[in-house]
Amino acid sequence: MLNAVLMVCFGLMLLSMLFASFRLYREPGVVDRIIIFDLFTSIAVGLMAIASMWLESSLMLDVGLLASVVAFVGTIAFARYIHTREVKK
């Protein structure tokens, strides 16, 4: 029963990744791409958590935690870059 629920959740997360990729294709702005990048990493961390439960291994949780920290730092760096670029104009 748990495997079926995990498979459904995994499929729904992949579907949301597909919808986010369509949104990435449609939005040309830099800020929109940064937001979608953050969304991709959030979905990827969710997929890692589901895979961790499915495989009964805590290694994927550690990888997901590391990926979320890297994504956070990347989002802050992009936001700072955009801010400095707008201030120079």
How many angstroms lie between [atom1] in [X] and [atom2] in [Y], if you round to the nearest 0.5 Å?
{"X": "Ser16", "Y": "Leu47", "atom1": "OG", "atom2": "CG", "result": "7.0 Å"}
{"X": "Ile76", "Y": "His83", "atom1": "CD1", "atom2": "NE2", "result": "12.5 Å"}
{"X": "Met1", "Y": "Leu6", "atom1": "CE", "atom2": "CG", "result": "10.5 Å"}

Phe37: which of Leu39, Thr41, Ile35 passes side-chain contact (heavy atoms from CB on, under 4.5 Å): Thr41
Which heavy atom in Gly64 sits nearest to a heavy atom in Val45, and how many Å separate them? O-CG2, 3.5 Å
Please report the closest heavy-atom contact between Ile36 and Ala20, naming both atoms and the distance. CG2-O, 3.8 Å
Group every Ile, Leu, Val, Met, Phe, Trp and Tyr by side-chain heavy-atom contacts under 4.5 Å, then state whether [X] and [Y] land in the same group.
{"X": "Met17", "Y": "Ile34", "answer": "no"}
{"X": "Phe22", "Y": "Leu15", "answer": "yes"}
{"X": "Val70", "Y": "Phe72", "answer": "no"}
{"X": "Phe10", "Y": "Met7", "answer": "yes"}

Among residues at least two apart in sequence or on other chains, which ones pass salt bridge (charged side-chain N to carboxylate O under 4.0 Å, His left out) with Arg33? none
Donor-acceptor list for residues 48-59 side chains, cut-off 3.5 Å, not counting sequence neighbours:
from: Ser52; atom 1: OG; to: Ser57; atom 2: O; distance (Å): 2.4
from: Ser57; atom 1: OG; to: Leu59; atom 2: N; distance (Å): 3.3

Please indicate whether Phe40 has more than 12 foreign heavy atoms, meaning atoms of other residues, nucleotides or ligands, lying under 6.0 Å from its CZ. yes
Could you go through the side-chain contact (heavy atoms from CB on, under 4.5 Å) check for Leu12 and Val8 one step at a time? CA-CA 6 Å; Leu12 289 174; Val8 168; 4.1 Å; yes
